[in-house]
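Below is one structure, written out as structure tokens; the observations come after it.
Since the model is a prediction, treat every value here as computed from it, not as a measurement.
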Amino acid sequence: MPELPEVETTVAGLRKVLDGQRITRAEAFRADLRWPIPEDLRQRLTGATITGLGRRAKYGLIYTDRDDVLIFHLGMSGRWRVDPAEMEKHDHFLLETAAGRVVALNDHRRFGSLDIVANGTLADYRFFAKMGPEPLSDEFDAEVLQKALKGRKAPIKAMLLNQNIVAGLGNIYVCEALHMAGIAPDALSEKISKPRLVKLVIAIKVVLTSAIAAGGSTLRDFAAPDGELGYFAKDWRVYGREGEVCGCGAQVKRRVDSGRSTFYCAKCQR
DNA sequence: ATATCGACCTGCCGGC
DNA sequence: TGCCGGCAGGTCGATA
């Protein structure tokens with residue numbers, strides 16, 4: 001379930017295993033995921049020491065002492081398996097450390113990606129260059145959001161899914177944040193009042209922060225021999241709850257917008 | 001520039 | 001039991 005909170009939790013888990021470690025083996029088991037995997041990946045990683053891990057939007061970042069950054073995206077179905085007993089179907093990439101720890105990237109739909117770039121060029125990375133602010137940063141506030149939405153005709157849900165407006169939200173947390181803020185998914189972005197945008201920004205931060213906190217509580221699982229990431233408390237208020245009763249007493253509705261499910265409450269979201 | 005939509009993959013579930 | 005349609009946490013890139 002890789003939106004920002006899941007990537008954040010994934011990176012935190014990987015950090016415990018990889019940070020400061022020397023890479024003794026780096027191997028891809030296929031030439032591409034969504035995009036080609038760089039051919040020099042193995043050579044650039046093998047023997048390098050990992051100096052830190054980070055995240056940008058839904059991308060995980062693994063820094064090495066060769067001034068490289070390994071960039072991964074989990075797509076829809078990606079997850080890292082830690083110290084797997086054996087390789088499984090859809091394990092596409094593996095890192096092993098001098099300490100004997102192994103992490104394997106498993107992604108059955110292959111919408112994820114793996115790339116490596118020089119650290120100094122990270123900001124210009126083709127998928128980062130036009131990206132919007134991190135939703136949890138102080139930089140992201142109602143002013144910034146209002147500016148970004150100015151002149152935009154698309155509904156607010158589409159705008160929040162657009163990584164160039166704000167980077168890291170996906171279908172689940174957009175539905176959740178809009179519900180928490182009481183804003184209809186199809187509200188015209190440009191017309192949403194400043195006070196409501198303030199509320200929306202707060203909702204986004206609250207929803208993401210609590211999801212990260214929930215993910216954090218499962219970090220123990222990450223280090224388990226057969227550990228895998230991806231179980232998080234499913235305490236969603238609307239997502240996946242079509243037909244269930246909203247807090248206000250009305251029924252949660254589901255609608256499909258440009259091919260994606262939208263869950264909302266027509267009574268409390270206007 | 002912006003908005004929309006098809007495409008990329010595999011797996012699972014429900015219905016017939 | 002099997003087949004088929006629909007659905008899934010993402011987003012790029014082609015089109016209008």
Side-chain angles (χ1 to χ4, degrees), chain A residues 1-11 29-37 55-60 71-81 88-93 105-115 125-132 135 147-179 185-191 204 207-208 210-212 214-215 218 228-243 253-264:
Chain A
M1 29 170 75
E3 296 184 34
L4 183 154
E6 290 71 34
V7 179
E8 181 71 23
T9 306
T10 295
V11 166
F29 302 112
R30 53 177 299 128
D32 61 83
L33 292 174
R34 178 170 188 183
W35 310 111
I37 296 171
R55 177 190 59 73
R56 173 71 173 114
K58 299 173 195 171
Y59 290 85
I71 306 171
F72 67 84
H73 194 291
L74 298 174
M76 294 276 263
S77 56
R79 63 202 173 108
W80 285 94
R81 304 199 306 122
E88 277 179 12
K89 194 175 178 183
H90 306 307
D91 284 342
H92 304 308
F93 177 72
L105 178 63
N106 185 286
D107 181 5
H108 67 86
R109 292 179 74 181
R110 304 204 301 274
F111 287 171
S113 62
L114 268 180
D115 210 346
Y125 185 54
R126 61 177 179 139
F127 300 132
F128 291 177
K130 297 177 65 183
M131 208 173 244
K147 246 178 217 166
L149 296 179
K150 196 170 180 207
R152 296 299 212 120
K153 299 303 174 202
I156 187 65
K157 189 196 176 205
M159 288 292 93
L160 295 179
L161 286 172
N162 182 337
Q163 306 294 296
N164 296 331
I165 300 291
V166 55
L169 296 177
N171 205 32
I172 294 177
Y173 296 115
V174 164
C175 289
E176 292 298 306
L178 285 171
H179 180 262
D186 58 353
L188 183 59
S189 311
E190 210 180 12
K191 296 280 177 78
I204 288 169
V207 161
L208 294 179
S210 10
I212 290 171
T218 69
E228 68 181 47
L229 288 173
Y231 355 102
F232 297 93
K234 295 187 176 178
D235 51 0
W236 303 320
R237 293 162 31 142
V238 284
Y239 189 86
R241 296 199 182 280
E242 180 184 15
K253 306 258 194 201
R254 172 178 177 271
R255 190 178 63 212
V256 176
D257 299 311
S258 54
R260 313 212 57 194
S261 286
T262 302
F263 297 90
Y264 64 105

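Going from atom CZ of R255(A) over to atom C1' of dC7(C) covers 18 Å, rounded to whole Å. For the pair W35(A) CH2 and dT11(C) P, the computed distance is 12 Å after rounding to whole Å. In this entry the distance linking CG of D32(A) with P of dT10(B) reads 11 Å, nearest Å. Between the CG atom of L74(A) and the P atom of dT10(B) there is a distance of 18 Å, rounded to whole Å. Here the P atom of nucleotide dC7(C) and the CZ atom of F263(A) are 10 Å apart, to the nearest Å. Rounded to whole Å, the distance from CG on L4(A) to P on dT11(C) is 11 Å. Rounded to a whole Å, the NZ atom of K157(A) is 13 Å from the P atom of dT11(C). With rounding to whole Å, F72(A) atom CZ is found 15 Å from dG10(C) atom C1'.
The closest donor-acceptor contact from the side chain of R241(A) to the backbone of W236(A) lies under 3.5 Å. Without hydrogens or angle criteria, H92(A) side chain to H90(A) main chain gives a donor-acceptor distance under 3.5 Å. A donor-acceptor pair is defined here as one N or O able to donate and one able to accept, closer than 3.5 Å; no such pair exists between the side chain of S113(A) and the backbone of W35(A). Put simply, the side chain of Q163(A) never gets that close to the backbone of G132(A): no donor and acceptor are under 3.5 Å apart.
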- request: Go through V238(A) and E176(A) one step at a time and tell me if the side chain to side chain contact (heavy atoms under 4.5 Å, CB included) criterion holds.
  value: CA-CA 6 Å; V238(A) 284; E176(A) 292 298 306; 3.3 Å; yes
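The aromatic ring of F111(A) is stacked on the base of dC8(B), with the two ring centres less than 5.5 Å apart and the planes inclined by under 30°.
To the nearest 0.5 Å, the span separating CD on E3(A) from NZ on K58(A) amounts to 5.5 Å. Taken to the nearest 0.5 Å, the CE atom of M159(A) stands 5.5 Å off from the OG atom of S189(A).
For the OP1/OP2 pair of dA8(C) and a distance below 4.0 Å, the side-chain nitrogens and oxygens of H108(A) include no atom meeting the criterion. Taking only side-chain nitrogens and oxygens, H73(A) comes nearer than 4.0 Å to OP1 or OP2 of dT11(C). Not one side-chain nitrogen or oxygen of R109(A) sits closer than 4.0 Å to the OP1 or OP2 atom of dC12(B). Contact annotation: Q163(A) does not reach the phosphate of dG10(C) (side-chain N/O to OP1 or OP2, under 4.0 Å).
Looking at DNA chain B, the stems built from 3 or more consecutive Watson-Crick or G-U wobble pairs, each pair with its key distances under 3.5 Å, are B:2-8 with C:10-16, B:10-16 with C:2-8.
Because its NZ or CZ atom is both nearer than 6.0 Å to the ring centre of Y264(A) and within 45° of the ring axis, R255(A) counts as a cation-pi partner of that residue.
At a threshold of 4.0 angstrom between heavy atoms, the contacts of S261(A) are confined to the sugar-phosphate backbone, with no base atom among them. Using a 4.0 Å heavy-atom distance criterion, K89(A) is classed as a sugar-phosphate-only contact.
Rounded to whole Å, the P atom of dG5(C) lies 16 Å from the corresponding atom of dA7(B). Atom name P, nucleotides dA14(C) and dC9(B): the rounded distance is 16 Å, in whole Å. Taking atom P on both nucleotides, dG6(C) is separated from dG6(B) by 14 Å, rounded to a whole Å.
Take the nearest nucleotide of DNA chain C for L161(A) and for V256(A): the residue whose nucleotide is more 5' is V256(A).
Nearest heavy atoms, F263(A) versus C175(A): N-SG, 3.6 Å.
Between W80(A) and F72(A), the two ring planes are perpendicular [angle over 60°; tilted spans 30° to 60°].
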Tabulate atom names and distances for all N/O pairs under 3.5 angstrom spanning the protein and nucleotides 3-7 of chain B.
from   : atom 1 : to      : atom 2 : distance (Å)
dA3(B) : OP1    : K153(A) : N      : 2.4
dA3(B) : OP1    : A154(A) : N      : 3.1
dA3(B) : OP2    : R152(A) : NH1    : 2.3

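Residue side chain R110(A) does not reach the base of dC9(B) through any donor-acceptor N/O pair under 3.5 Å, judged by distance alone.
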